[in-house]
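Whatever order the structure lists them in is the order used to number ligands and atoms, beginning at 1. The figures that follow rest on heavy atoms only: side chains count, while hydrogens, waters and symmetry mates do not.
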Amino acid sequence: MTANPTVLQDLPADLDRERLPMHVAVIMDGNGRWAKRQGLPRILGHRRGVDALKDLLRCCRDWGIQALTAYAFSTENWGRPLEEVDFLMALFERVLRQELQEMMRENVRIQFVGNLNSLPRSLQAEIERSMEDTRHNQGIQFTVATNYGGRQEILQACRSIALQVQQGLIQPEQIDEALFERHLYTAGISDPDLLIRTSGEMRISNFLLWQVAYSEIYITDTLWPDFDRAEFYRALRAYQQRDRRFGKVKT
Ligand code: FPP
């Protein structure tokens, strides 16, 4: 099935508007393989990956999904060839600069999660500007995980809580899930209801380890640049057929 944006502009009739995920998270895998299959350099796969992400963001907005989180760069991705890392950093910066006006027009609120301090200074500046400018937008919340690692996020939350205990600001008995969540990068963002991973890999890859505890996981063999509205529709259909029990039994 190929994407037909005019057909899928509105929420397909066989999806239940009342049972859509509020928050969708995506592990955008397969850019490199997509490029290789076309006989193109890997970096062109990332470029096409940006187009797929932009369309998914629009689709979420069109279909009434309130939050989208995308895994753009993991703490492990620094281990890629230097020229690919440099390309990705420059791509993020360029996309942010080019898309800011559009995000304002479309009422998108963009946030970044991860260890942002070790990103290139010019990218950090673009990130700060986009977060600041879109801060009051009330439409879809778009979170980009950049230099993100789930274990690192949990460790920095532990450190920050330990410091508060050491300073006598809180007692160890006060540490519960709600308090812990306030120390994560994602404080204030709801947990994903649906986690999508492309390219057929069956892994979480250090993405939102705490937050996906009860997310429904959908894996497709489609490579990320080919992930279109028709694919997203299939993921949502599968999601709506799941029975979410959160560890309980049906009464
Ligand atoms: C994984 O494919 C993809 C990435 C590491 C980069 C994804 C980033 C984008 C699509 C750009 C997002 C941009 C902004 C500003 C939000 P891979 O290279 O691991 O593919 P492979 O497994 O086939 O090699």
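Aromatic ring orientation, Tyr148 versus Phe207: perpendicular (interplanar angle above 60°, classes split at 30° and 60°). Taking the six-membered ring for Trp and thresholds of 30 and 60 degrees, Phe73 and Phe92 have ring planes more than 60 degrees apart, a perpendicular arrangement.
No path of Ile, Leu, Val, Met, Phe, Trp and Tyr side chains, each step under 4.5 Å between heavy atoms, connects Phe180 with Tyr214, placing them in separate hydrophobic clusters.
For Glu177, the CD atom sits in a loose shell: 12 or fewer heavy atoms of surrounding residues, nucleotides or ligands are nearer than 6.0 Å. For Glu102, the CD atom sits in a packed shell: over 12 heavy atoms of surrounding residues, nucleotides or ligands are nearer than 6.0 Å. For Arg97, the CZ atom is densely surrounded, since the number of other residues' heavy atoms within 6.0 Å is greater than 12. Counting non-hydrogen atoms of other residues, nucleotides and ligands closer than 6.0 Å to CZ of Arg37 gives a total of 12 or fewer. More than 12 heavy-atom neighbours from other residues, nucleotides or ligands sit within 6.0 angstrom of CD on Glu76.
Of the protein's heavy atoms, Arg33 NH2, 2.8 Å lies nearest to atom 22 (O) of ligand 1. In this structure, atom 1 (C) of ligand 1 lies nearest to the protein heavy atom Met28 O, 3.0 Å. In terms of protein heavy-atom proximity, atom 4 (C) of ligand 1 is closest to His46 CE1, 3.8 Å. The protein heavy atom nearest to atom 14 (C) of ligand 1 is Phe92 CD2, 4.0 Å.
Contact atoms of ligand 1 toward Gly49: 10 (C) (distance under 4.0 Å to a heavy atom of the residue). Listed by number with element, the atoms of ligand 1 under 4.0 Å from a non-hydrogen atom of Leu53 are 12 (C), 16 (C). The contact set between ligand 1 and Val50, taken as ligand atoms under 4.0 Å from a residue heavy atom, comprises 10 (C), 11 (C). Heavy-atom contacts of Ala72 reach the following atoms of ligand 1: 5 (C), 6 (C), 7 (C), 8 (C) (cutoff under 4.0 Å).
None of Glu173, Gln167, Gln174, Gln166 except one satisfies the side-chain contact (heavy atoms from CB on, under 4.5 Å) rule with Ile170; the exception is Gln174.
Assignment of Arg80 to the shell around ligand 1 is supported, since a heavy atom sits closer than 4.0 Å. Residue Leu96 places every heavy atom at 4.0 Å or more from ligand 1. At least one heavy atom of Arg42 sits under 4.0 Å from some atom of ligand 1.
At a heavy-atom distance under 4.0 Å, only side-chain atoms of Val144, from C-beta outward, approach ligand 1.
For the pair Tyr71 and ligand 1, the shortest N or O to N or O distance does not fall below 3.5 Å. Remark: ligand 1 and Leu88 share no N or O pair separated by less than 3.5 Å (distance only, no angle test). Among the atoms of Asp29, some N or O lies under 3.5 angstrom from an N or O of ligand 1. Checked against a 3.5 angstrom limit, the closest N/O atoms of Phe142 and ligand 1 fall outside it.
Ion pair Arg244/Asp193 flagged as a salt bridge, since at least one NZ, NE, NH1 or NH2 atom sits closer than 4.0 Å to an Asp/Glu carboxylate oxygen.
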